[in-house]
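In this chain, numbering begins with 1 at the start of the sequence shown. Atoms within a ligand are numbered from 1 in the order they appear, just like the ligands themselves.
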Amino acid sequence: MKRKIAPSILAADFFCLKEAFRMMAEGGADYVHFDVMDGVFVPNISFGIPVLKGISQHTDIPFDVHLMIVNPEKYIKAFADAGADLIKVHQEAVADLPAVLHMIRDLDKKTGVVLNPDTPISTITHVLDQVDMVLLMSVYPGYGGQELIPAVLEKGAELKALREKLGLSFEIEIDGGITAENADRVASYGFDVLVAGSAVFEASDPVAAMKKIKGE
Ligand code: DX5
Ligand code: ZN
């Protein structure tokens, strides 16, 4: 199966978001990765519901919303109403994962769960049949432009093997430090969706960078 790209607009020029969306369409973006940070779960603040609402109505590219926030259950309906297509919560931020995933599914949105680099896959095996996507962080979340932690690659292979064993079909995504140079190697571990922020929006040719990350 062809791999997918989810450009992270955290790295985009916010004065020229319209141009960022034009480039993402041209580069074949499969999702727009939307990083929400609350300054509590992660040591940084980004953007949230009104920004998502303002831009989601102007594009057909599905929004892959990565909630790096505590108590995500309080905001899931608002993100769904604002135009999220896929809503992902961190395992580390949620006490009752099945309940939160159920809440997302009830709003007719796709579900996802995210693991920080040090959180083992065994913490989510009980919900793997309830998710459309699992995101493995390849950096400690909070900032764009960090270097990929290589130990996370094996985790991708482990999750892919588990998915096969369980006969499931969720997508496996990786986020943090993906570049046009390392994308082929990263994808070879079994990742279906590659998030890339700075490697796309800081490239001299973002469309070419997206195509290279997609393996085209
Ligand atoms: C990190 C975010 C990432 C980040 C990726 O907390 O979740 O999505 O924007 O940025 P790059 O691709 O620059 O590492
Ligand atoms: Zn992210």
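Taking a cut-off of under 4.0 Å to the non-hydrogen atoms of Met37, the atoms of ligand 1 that pass are 6 (O). Close approach of ligand 1 to Pro141 (heavy-atom distance below 4.0 Å) involves ligand atoms 6 (O). Per-residue contacts place Gly176 under 4.0 angstrom from the following atoms of ligand 1 (heavy atoms of the residue considered): 14 (O). Set against the non-hydrogen atoms of Met68, the atoms of ligand 1 under 4.0 Å away are 6 (O), 7 (O). Annotation for ligand 1: atoms under 4.0 Å from non-hydrogen atoms of His66 are 7 (O). Near Leu10, the atoms of ligand 1 lying under 4.0 angstrom from a non-hydrogen atom of the residue are 9 (O). For ligand 1 and His33, the ligand atoms under 4.0 Å from any heavy atom of the residue are 8 (O). The Asp35 neighbourhood of ligand 1 comprises atoms 2 (C), 3 (C), 4 (C), 7 (O), 8 (O), 9 (O), with distances under 4.0 Å to a heavy atom of that residue.
For Gly142, a nitrogen or oxygen atom sits less than 3.5 Å from a nitrogen or oxygen atom of ligand 1, counting backbone and side chain alike. Of the N or O atoms in Ser198, one or more lie within a sub-3.5 Å distance of an N or O in ligand 1.
Not a single heavy atom of Ala11 sits less than 4.0 Å from an atom of ligand 1. Ligand 1 is never approached by Ala199 to a heavy-atom distance shorter than 4.0 Å. In this structure, Met137 counts as a contact residue of ligand 1, since one of its heavy atoms falls inside 4.0 Å of the ligand.
For the pair His33/Pro7, no side-chain contact is recorded, criterion being any heavy-atom separation below 4.5 Å from C-beta on. With a 4.5 Å cut-off on side-chain heavy atoms, Asp129 and Leu168 count as touching. Looking at heavy atoms from C-beta onward, Phe191 lies in side-chain contact with Leu136 at the 4.5 angstrom threshold. For the pair Leu67/Tyr75, no side-chain contact is recorded, criterion being any heavy-atom separation below 4.5 Å from C-beta on. A heavy-atom distance below 4.5 Å is not found between the side chains of Leu194 and Glu173.
Checked by atom type, the side-chain pair Gln130/Thr111 shows no donor-acceptor distance below 3.5 Å. In the model, Tyr31 has a side-chain atom that pairs as donor or acceptor with a side-chain atom of Glu171 under 3.5 Å. There is no side-chain donor-acceptor pair under 3.5 Å between Asp35 and Ser46.
Under the salt bridge (charged side-chain N to carboxylate O under 4.0 Å, His left out) rule, Asp30 has a single partner from Lys214, Lys2, Arg3, Lys4, which is Lys214.
Atom OD1 is the N/O/S atom of Asp35 found closest to the Zn ion (ligand 2). For the Zn ion (ligand 2), the nearest N, O or S atom contributed by Asp175 is named OD2.
Considering OG1 of Thr59 and NZ of Lys18, their distance stands at 12.5 Å, rounded to 0.5 Å. Taking CG of Asp13 as the reference point, atom CZ of Phe201 lies at 10.0 Å (rounded to 0.5 Å). One distance of note links CD of Glu73 with CG of Asp96; it measures 9.0 Å at 0.5 Å rounding.
Atom 5 (C) of ligand 1 has Asp175 OD1, 3.5 Å as its closest protein atom, hydrogens excluded (heavy atom only). Nearest protein heavy-atom neighbour of atom 12 (O) of ligand 1: Gly197 N, 2.7 Å. Nearest non-hydrogen protein atom to atom 14 (O) of ligand 1 is Gly177 N, 2.9 Å. Scanning the protein heavy atoms around atom 10 (O) of ligand 1, the nearest turns out to be Gly144 CA, 3.6 Å. Atom 1 (C) of ligand 1 has as its closest protein heavy atom Tyr143 O, 3.5 Å. When only non-hydrogen protein atoms are considered, atom 11 (P) of ligand 1 lies nearest to Gly145 N, 3.6 Å.
His33 contributes NE2 and His66 contributes ND1; the angle these two atoms make at the Zn ion (ligand 2) is 100°, rounded to 10°.
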> Would Phe63 and Phe79 satisfy ring-ring contact (aromatic ring centres under 6.0 Å, His included), going step by step from the backbone distance to the final call?
Replying inline: CA-CA 10 Å; Phe63 272 81; Phe79 278 103; over 10 Å; no
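When heavy-atom distances to ligand 1 are checked against a 4.0 Å cut-off, Ala196 comes that close only through its backbone atoms N, CA, C and O.
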